[in-house]
Amino acid sequence: KFHFREACRQAALPSCRCANVHQKDELLVALEKEWRYPLILKPARGAGSYYCRKVETKDELLEIFDALNERFRGEKKTPEDDVSAGWILEEWFSGLEVDVDGWAKDGEVEWILVSDNKPVLSHAC
């Protein structure tokens, strides 16, 4: 997720501000920069929309980070690679959401499907 945002930024494509953090001290360093709230906090790898939260303030973010980090790291079903990838903090943006599925063989796209993901509930990520 973070690498995708970085690739967009390097290609001069629109992308929201984001940071990859693993511990609260890294989160605090990231928050030294000016952020436009609301923000999204979500696992950097895997987990679908589990553990994904929209926060409206810095205080809410700091409170939810501790709780989510403890639960995510304590979840026995979560692969270690997902846990070690940390968290993505990113600015909220609204718009249409689509799913892009497909596969490539020998570096060539063989099949691709773009489908409407339907509107997201306002309280969800």
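Follow the hydrophobic side-chain contacts under 4.5 Å out from Val109 and you reach Val100 in the same cluster. Linking ILVMFWY residues whenever their side-chain heavy atoms come closer than 4.5 Å, directly or via other members, leaves Phe4 and Ile88 in distinct clusters.
Note that CG of Asp59 and CD of Glu63 are 8.5 Å apart. Values are rounded to the nearest 0.5 Å. To the nearest 0.5 Å, atom CG of residue Leu13 and atom CZ of residue Arg5 are 11.5 Å apart. Between atom NE2 of residue His3 and atom CD of residue Gln10 there is a gap of 11.0 Å, rounded to the nearest 0.5 Å. Here Leu41 contributes atom CG and Leu61 contributes atom CG; the two are 6.0 Å apart, rounded to the nearest 0.5 Å. Here the CD atom belonging to Glu90 is positioned 9.0 Å from the CG atom belonging to Leu39, to the nearest 0.5 angstrom. With rounding to the nearest 0.5 Å, the separation of CG in Leu68 from SG in Cys52 is 9.0 Å.
Taking each heavy atom of Ile64 and Arg53 in turn, the nearest pair found is CG1-CG, 3.9 Å. Residues Arg9 and Cys18 share a closest heavy-atom pair of NH2-SG, 3.6 Å. Heavy-atom minimum distance, Lys24 versus Leu62: NZ-O, 3.8 Å.
Listed for the Glu26 side chain is a donor-acceptor partner under 3.5 Å among the backbone atoms of Gln23. Judged by distance alone, the side chain of Glu70 and the main-chain N or O of Asp66 form no donor-acceptor pair under 3.5 Å. The main-chain N or O of Ala85 is found under 3.5 Å from a side-chain atom of Asn20 such that the two form a donor-acceptor pair. At least one donor-acceptor pair closer than 3.5 Å links the side chain of Trp35 to the backbone N or O of Ala30.
In this pair, Trp87 and Tyr51 present their aromatic rings perpendicular. The plane angle is above 60°, beyond the 30 to 60° band.
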Side chain to side chain contact (heavy atoms under 4.5 Å, CB included) between Trp103 and Glu110, intermediate numbers included: CA-CA 6 Å; Trp103 65 79; Glu110 289 199 342; 3.3 Å; yes
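Each of Val21, Leu89, Leu28 was checked for a side-chain contact (heavy atoms from CB on, under 4.5 Å) with Phe65, and the lone residue meeting it is Val21.
Residues His22 and Ser84 have side chains not in contact (no heavy-atom distance under 4.5 Å, counting atoms from C-beta outward).
More than 12 heavy atoms of other residues, nucleotides or ligands lie within 6.0 Å of OH in Tyr37, so this atom counts as buried by the packing criterion.
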